[in-house]
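Only one structure is covered here, and it is reproduced in the block below.
No experiment lies behind these values; they were computed from the predicted model shown.
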Amino acid sequence: MKGDSLRYTLDISEHLFLLTTESLRLRSNEVKRYQTLANLIDDTISIETPIDDHSAETILEHLAAIPTDGNIRIDLRITKTSAQSFGEVKQRLSKKLGSNVSIGDALSVLLFHYVVGQKATRILKRLGLDSVKESTRSATSDQVAGANVLPLR
């Protein structure tokens with residue numbers, strides 16, 4: 001794989017490091033296998049990565065809360081295809097924010113997007129809204145009303 005991959009060496013902040021480890025924990029639990037940051041990126045990034053789910057203001061607030069640069073060195077080796085997609089996502093982010101973003105910033109936003117998506121999925125599952133096809137029979141109006149009412153206590 002060495003010939004088919006690109007290597008990035010980044011010096012990241014402790015906050016970004018914690019975001020990477022949380023992302024890896026969520027991804028490992030999702031696929032039921034230990035994951036690496038390279039696995040996560042290779043498996044989830046594509047040209048269609050939906051960075052537009054978040055407003056520019058939200059992304060800027062994230063980057064202010066989670067500084068990118070720091071003294072924790074990480075080495076990241078991803079496939080050339082993922083590196084190309086990563087570069088395109090970086091360009092889209094730069095255009096959206098109106099300024100050039102670093103590789104570390106793009107990584108941070110991608111991980112933020114992944115964690116937010118995983119947390120939203122967990123919440124939807126808890127609310128029973130994770131699948132439209134849960135029941136093939138139609139519900140009566142009482143069942144629908146009961147399903148849509150949440151006690152306030």
(request) Could you list the residues that satisfy side chain to side chain donor-acceptor pair (under 3.5 Å) with Asp69, not counting sequence neighbours? (result) none
(request) Enumerate the residue pairs fulfilling salt bridge (charged side-chain N to carboxylate O under 4.0 Å, His left out) with a member in residues 111-120, sequence neighbours excluded, ordered by first and then second residue. (result) Glu22-Lys119
(request) Find the distance between CG (Leu63) and CG (Leu97) and round it off to the nearest 0.5 Å. (result) 7.0 Å
(request) Could you walk me through whether Val89 and Arg92 pass the side chain to side chain contact (heavy atoms under 4.5 Å, CB included) test, one step at a time? (result) CA-CA 5 Å; Val89 166; Arg92 287 175 34 216; 4.1 Å; yes
(request) Work out which heavy atom in Ser13 is nearest to a heavy atom in Leu16; give both atom names and the distance. (result) OG-N, 3.0 Å
(request) Answer with yes or no whether the hydrophobic clustering places Ile72 together with Leu111; edges join I, L, V, M, F, W, Y residues whose side-chain heavy atoms lie under 4.5 Å apart. (result) yes
(message) Looking at Ser108 and Asp105, would you say the former's side chain and the latter's main chain have a donor-acceptor pair under 3.5 Å?
(response) no
(request) Hey, could you give me each pair passing ring pair (Phe, Tyr, Trp, His ring centres under 6.0 Å) that has a residue in residues 57-83? Not counting sequence neighbours. (result) His62-Phe112
(request) Scan for salt bridge (charged side-chain N to carboxylate O under 4.0 Å, His left out) pairs involving residues 9-20, sequence neighbours excluded, and state none if there are none. (result) Asp11-Arg73
(message) So which atom in Pro67 and which in His15 form the shortest heavy-atom distance, rounded to 0.1 Å?
(response) CD-CD2, 3.7 Å
(message) When you measure from the side chain of Ser94 to the backbone of Val101, do you find a donor-acceptor pair of N or O atoms at a distance under 3.5 Å?
(response) yes
(message) With no hydrogens and no angle check, just 3.5 Å: does a side-chain donor-acceptor pair link Asp4 and Thr79?
(response) no
(request) Hey, could you give me the CD1/CG distance between Ile59 and Leu93, rounded to the nearest 0.5 Å? (result) 5.5 Å
(request) Kindly write out the residues that satisfy side chain to side chain donor-acceptor pair (under 3.5 Å) with Asp43, not counting sequence neighbours, or none if the list is empty. (result) Arg27
(message) Minimum heavy-atom separation for Leu40 and Ser23, please, with both atom names.
(response) CD2-CB, 3.7 Å
(request) Taking all heavy atoms of Ser102 and all of Lys90, pick out the closest pair and write down the distance. (result) C-CE, 3.9 Å
(request) Measure the spacing between CG of Leu37 and OH of Tyr8 and express it to the nearest 0.5 Å. (result) 12.0 Å
(request) List in chain and number order the residues that pass side chain to side chain donor-acceptor pair (under 3.5 Å) with Ser28, two or more places apart in sequence or in another chain; answer none if no residue qualifies. (result) none
(request) Identify the two heavy atoms, one from Asp42 and one from Ser82, that lie closest to each other, and give their separation to 0.1 Å. (result) OD1-OG, 2.8 Å
(message) Please determine whether side chain to side chain contact (heavy atoms under 4.5 Å, CB included) holds for the pair Thr68 and Leu107, giving the CA-CA distance in whole Å, both sets of side-chain angles, and the decisive distance to 0.1 Å.
(response) CA-CA 9 Å; Thr68 301; Leu107 174 64; over 6 Å; no
(request) Please assess Val115 against Leu19 for the test side chain to side chain contact (heavy atoms under 4.5 Å, CB included), listing each intermediate value before the final yes or no. (result) CA-CA 8 Å; Val115 169; Leu19 179 59; 3.9 Å; yes
(request) Go through the steps for Asn39 and Tyr34 under the test side chain to side chain contact (heavy atoms under 4.5 Å, CB included), then give the verdict. (result) CA-CA 9 Å; Asn39 294 136; Tyr34 289 112; over 6 Å; no
(message) Ignoring hydrogens, what is the shortest heavy-atom contact between Leu6 and Ala83? Give both atom names and the distance.
(response) CD1-CB, 3.4 Å
